[in-house]
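Only one structure is covered here, and it is reproduced in the block below.
One-based numbering, in listed order, for ligands and for the atoms of each.
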Amino acid sequence: MTHYVTAPLPPQQLRCEYLENPLGIEETRPRLSWQVNDPRRGARQTAYQVLVASSVAVLAQDRGDLWDSGKVISDRTTHIEYAGAPLRSRQRCYWKVRTWDQHDQPSPWSEVHWWEMGLLSPEDWFAEWIGLRDETAPPPCVYLRKPFTLGKPVRRARLYATALGVYELRLNGRRVGDHILAPEWTNYRRRVLYQTYDVTNLLTRGENAIGAILGDGWYIGELGWQLQRNNFGEPPARLLVQLEIELEDGSVQHVASDGSWKATNQGPIRYSGLYAGELYDARMEMPGWDQAGFADEAWQSAEVFADPGIVRNAQMHPPIRITQELKPISVSEPTPGVHVFDLGQNMVGFCRLRASALAGTKIQLRHAEVLNPDGTIYVDNLRKAKATDIYIAKGEGVETFVPHFTYHGFRYVELTGFPGKPDLDTITGLVVHSDAPRSATFITSSEMVNQLYQNIVWGQRGNMHSVLTDCPQRDERLGWMGDAQIFVRTACMNMDMAAFLTKFVRDMADSQLPNGAYTDVSPYVSASGALPPAGAPAWMDAGVIVPWTVYQCYGDTRLLERHFDSMARYVDYLDVNNPSGLWVSCRGNDYGDWVPANSVTDKTMLATLYFFYSASLVAQAARILGREEAARKYQAIANRVRRAFNAHYLKDDHYDRATQTIHALVLGMGVVPARARASVARDLVADIERRGWHLSTGFVGTKWLLPALSDNGYDEVAQRLLLNRDYPSWGYMIEKGATTIWERWNSDTMGPEMNSRNHFAFGSVGEWLFRYLAGIDIAPNGAGYRKIVIYPRPGKPEGELNYVKAIYESIHGPIVSEWRITPERFELNVQIPANTQATVYIPAVSAARVMESGKPLRQAEGVSYVKTVRGRVVCEVGAGTYAFTVRR
Ligand code: BGC
């Protein structure tokens with residue numbers, strides 16, 4: 001049946017601050033967004049109306065008692081700032097939206113969505129910080145509890161909670177929420193996040209009890225390769241919770257952490273550390289401790305601690321949680337009594353153990369990424385991270401254990417102490433990470449490339465635990481800035497990272513030094529409290545590149561605006577210290593192009609290129625924000641750095657001693673003068689050829705390499721590097737069985753010292769897979785995919801890459817590029833979301849060879865032909881689905 005649509009359908013994907021129906025929003029002008037729902041070609045929004053109401057009932061009358069935007073003539077669907085009545089703490093706001101199309105036809109109203117305000121002022125907090133001192137090292141987890149009585153049925157209840165440390169909350173014997181490692185990681189010297197839970201259904205009239213378990217987490221637990229403790233303040237861990245209960249009769253009852261709570265360190269979690277793992281003695285369980293009626297006479301009074309005087313912010317990004325369960329694919333017994341499970345995937349999280357054992361039986365799980373040749377686990381590359389969970393059984397039939405405040409990076413699990421023969425149900429892998437929504441699908445005709453893409457995504461999932469980390473397994477797992485800036489664009493293809501990165505950018509700013517320098521890791525880690533040294537080139541620059549990337553991918557100008565002074569101060573710091581324009585001083589640990597394959601990149605060249613890049617991004621940001629003077633200033637700095645670089649290094653249109661990395665950067669960053677572009681690109685290819693068509697780049701260069709080749713007419717060389725199977729290449733890792741991205745091109749032959757099997761940095765090629773191979777990109781001035789580029793780079797019909805399909809869920813809706821090449825035809829299926837437009841570059845020598853949905857291109861509805869250049873037929877399309885075919 002043909003379905004004729006004459007008006008837009010109800011808008012969908014309503015979001016507030018990137019989140020769906022969020023609790024605990026602390027923006028007083030939260031930003032709303034939606035997607036126009038209109039399958040017609042060329043569908044556009046010409047106007048919208050937003051209604052925000054204090055109740056569903058008011059909204060049902062099409063009234064917005066908090067805000068009625070009226071009909072706003074605008075094509076914007078994202079980042080619409082709420083502009084109604086001032087919002088109060090705890091306020092619930094219901095909203096809906098409708099849109100008008102290009103014929104001024106309105107859509108029906110959307111479904112009702114809501115957001116709820118968090119606690120906006122320090123006065124909203126009446127809870128006190130509580131905990132229990134303990135000199136034991138490592139300290140056992142502290143259990144805290146408080147019984148209370150509710151005289152009436154409950155209408156609505158909210159729990160606001162945070163900790164210095166990590167917490168798990170219980171109400172009446174049930175878990176509150178599904179967060180893992182809340183309140184997550186920030187620079188606790190300045191800031192801690194609080195979480196908001198709707199606990200209405202966990203409460204009952206009559207006797208209730210709230211319970212909390214407190215662990216060390218990042219606040220005072222071991223962190224960094226020296227296993228330093230207390231990096232953000234003094235022990236012990238502390239809890240802050242505030243339970244606000246509205247009863248049926250409208251009265252309000254509060255339960256808050258204070259000195260009346262009881263505490264014990266005699267619970268079953270004897271310790272639980274991020275690196276070390278957990279020791280759980282089930283014999284010490286305290287049945288009913290988190291319920292009313294529990295006899296807590298033996299518990300002590302909780303100690304009240306002074307307010308640390310740091311900022312409390314609502315968590316406005318997806319929490320760390322369990323996102324998937326993996327069943328082992330095999331179990332072996334390399335030595336008697338030692339069982340090794342293979343989960344089939346290098347994953348990050350922990351295991352659920354099921355066992356039936358006599359009381360006191362000690363069952364141990366050790367985690368590893370790799371096996372020794374004899375089938376035992378290889379743990380040397382974990383360095384000092386013990387990654388060991390121990391369960392001591394209570395002897396009551398089938399017992400289940402899941403650790404609380406740790407995570408491991410592993411594919412293999414060694415089980416010892418297990419009574420009898422385990423089977424594949426004995427353990428289950430629980431995948432744990434910040435649960436940002438997935439936003440991409442990517443498949444090709446090459447199994448190797450498909451595996452590579454999966455490895456990239458697993459690398460991302462393994463290295464986002466409220467901060468982007470370098471690795472998830474060894475005694476490190478820090479917010480390394482270089483790794484983050486290299487991978488961030490790929491990360492934003494794979495997942496909707498806007499909310500997560502908004503948080504991470506604040507971590508960077510919180511770690512920025514008074515002189516404007518950023519640090520190598522954010523949050524910085526300092527047991528003494530002393531400020532860390534300034535960071536290194538290409539590491540510090542994450543402070544500029546990450547917010548810039550969020551702007552590019554999501555059109556977020558608020559983040560740029562808020563972060564602008566920080567970015568500018570950073571470039572000032574480089575400028576003041578390097579007046580010649582070459583970045584010669586203040587290079588911190590100066591990592592250079594980290595872990596390359598057989599090449600050494602000049603560090604001054606690399607640093608200077610990043611100096612240029614950051615200055616030019618700050619100039620662009622200034623232009624976008626309308627700060628003309630700043631734009632001129634930073635553009636002048638960028639120009640001066642570029643001139644200095646070329647004056648120093650460019651001789652007769654060639655860069656002396658330039659590695660692949662330098663060649664890729666000068667091309668990608670736009671440092672090469674136009675006249676020398678072709679010769680520099682040829683030099684890059686010549687170097688690749690000299691190495692038998694292999695790359696030699698490290699972390700930094702790899703991100704830029706394939707894009708530089710494609711941008712300069714060398715798609716075939718880029719594909720060749722992508723498809724290599726021998727060292728050094730991505731294919732090499734995969735041939736060796738990698739299911740994540742290795743830290744080093746030769747992780748298989750390197751020693752254990754710095755050799756993680758789960759580093760996402762080399763996965764930065766994901767950016768090329770989407771932007772070039774599939775060809776989904778952002779047009780200049782098209783931030784947030786308002787203007788899209790579809791520029792696929794097909795391989796050869798007989799080659800390994802003759803089919804690619806990529807779907808990217810942009811903030812406007814799904815963008816699809818799917819192509820297939822045969823000896824006779826090239827086919828390209830494209831989907832462009834409503835209210836956006838795209839420039840499509842079709843590989844064809846003339847428009848006459850191109851058909852769209854069976855019609856000659858020039859007659860196709862909604863397609864306008866622009867020109868034919870360099871073997872590409874270029875056309876503009878609006879929203880809709882298009883099927884192009886080219887006779888070859
Ligand atoms: C980390 C890297 C990081 C580097 C600094 C390493 O230990 O694992 O990913 O960027 O140090 O060069």
> Is any side-chain heavy atom of R757 less than 4.5 Å from a side-chain heavy atom of V370?
Replying inline: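 Yes, side chains in contact.
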>> Going by the rule side chain to side chain donor-acceptor pair (under 3.5 Å), which residues pair with T601 if we only count those two or more places apart in sequence or in a different chain?
In response: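 Residues passing side chain to side chain donor-acceptor pair (under 3.5 Å) with T601: T659.
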> Ring centroid separation for Y518 and Y570, is it under 6.0 angstrom?
Replying inline: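 Yes, ring centres under 6.0 Å apart.
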> Quick check, are the ring centers of W745 and F762 under 6.0 angstrom apart?
Replying inline: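 Centroid distance W745-F762: below 6.0 Å, so yes.
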> Which protein residues have a heavy atom closer than 4.0 Å to any atom of ligand 1, listed by chain and number?
Replying inline: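 Those residues closer than 4.0 Å to ligand 1 by some heavy atom are D470, R474, E476, W480, D483, W539, Y591, W594, F699, E743, M754, H759.
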> ring pair (Phe, Tyr, Trp, His ring centres under 6.0 Å) between W730 and Y453: does it pass, once the steps are laid out?
Replying inline: CA-CA 10 Å; W730 296 277; Y453 180 66; over 10 Å; no
> Looking at N755, T740, N346, which one forms a side chain to side chain donor-acceptor pair (under 3.5 Å) with E369?
Replying inline: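 By the side chain to side chain donor-acceptor pair (under 3.5 Å) criterion, E369 pairs with just one of N755, T740, N346: N346.
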